[in-house]
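Just so it is clear, the structure is predicted and the values come from calculations on it, not from any experiment.
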Amino acid sequence: MATITLDLAGLKCPLPAMRTKKALATLAVGDLLDVLCTDPLSVIDIPHLVQQTGNQLVESERSDDKFQFLIRKT
């Protein structure tokens, strides 16, 4: 099981969701994707994408103007 970090700081909607979806497609089942964003809309878009694609949002955190999502490929 691998953990891949995807730094999407500075990107605006819809790019964080699009790049997250593309990265998830390359992972094996069980792998983790650690997504870092600064776009405030990512708190809506990323969890929605995870639910739509049938993956698992393991954890989400907010610190200052940064958002972090840990996603397990299922």
Side-chain angles (χ1 to χ4, degrees):
M1 179 166 52
T3 301
I4 306 299
T5 300
L6 188 60
D7 187 353
L8 303 175
L11 296 179
K12 298 292 180 191
C13 184
L15 291 177
M18 291 172 57
R19 296 223 178 141
T20 299
K21 184 176 182 178
K22 186 175 181 179
L24 282 168
T26 66
L27 299 180
V29 172
D31 285 352
L32 294 170
L33 182 62
D34 188 15
V35 181
L36 307 170
C37 299
T38 53
D39 181 14
L41 291 177
S42 65
V43 298
I44 297 167
D45 294 342
I46 301 296
H48 182 70
L49 169 70
V50 171
Q51 181 183 14
Q52 251 186 342
T53 57
N55 294 293
Q56 178 188 11
L57 184 59
V58 176
E59 184 178 323
S60 65
E61 280 187 23
R62 178 183 183 169
S63 61
D64 297 325
D65 61 344
K66 295 185 181 177
F67 309 97
Q68 184 173 4
F69 305 93
L70 187 59
I71 304 165
R72 183 179 315 280
K73 170 79 176 208
T74 56

Exercise. Same cluster or not: are Ile71 and Phe67 linked, directly or through other Ile, Leu, Val, Met, Phe, Trp or Tyr residues, by side-chain heavy atoms under 4.5 angstrom apart?
Worked result: yes

Problem set entry | Single-linkage hydrophobic cluster, 4.5 Å side-chain cutoff, Leu41 and Leu49 together | no

Close side-chain approach of [X] to [Y], heavy-atom, < 4.5 Å:
X     : Y     : answer
Met1  : Arg72 : yes
Asp39 : Leu8  : no
Glu61 : Glu59 : yes
Lys66 : Leu36 : no

Are the side chain of [X] and the backbone N or O of [Y] linked by a donor-acceptor pair below 3.5 Å?
X     : Y     : value
Asp65 : Thr38 : no
Thr74 : Gly54 : yes
Asp31 : Lys73 : no

Looking only at non-hydrogen atoms, find the nearest pair between [X] and [Y] and report the distance.
X     : Y     : answer
Val43 : Pro40 : CG2-O, 3.1 Å
Thr20 : Leu6  : CA-CD2, 3.9 Å
Leu11 : Pro16 : O-CG, 3.7 Å
Ile46 : Phe69 : CG2-CG, 3.7 Å

To the nearest 0.5 angstrom, please state how far the [atom1] atom of [X] sits from the [atom2] atom of [Y].
X     : Y     : atom1 : atom2 : value
Lys22 : Arg19 : NZ    : CZ    : 8.0 Å
His48 : Ser42 : NE2   : OG    : 14.0 Å
Leu24 : Ile4  : CG    : CD1   : 11.0 Å

Exercise. Got a sec, which hydrophobics cluster with Leu70, joining ILVMFWY side chains under 4.5 Å apart, including via others?
Worked result: Leu32, Val58

For this session: List in chain and number order the residues that pass side chain to side chain donor-acceptor pair (under 3.5 Å) with Asp7, two or more places apart in sequence or in another chain; answer none if no residue qualifies.
Result: none

Exercise. For Asn55, what residues pass the side chain to side chain donor-acceptor pair (under 3.5 Å) criterion, not counting sequence neighbours?
Worked result: Thr53

Exercise. Do other residues, nucleotides or ligands put more than 12 heavy atoms under 6.0 Å from the CD atom of Gln51?
Worked result: no

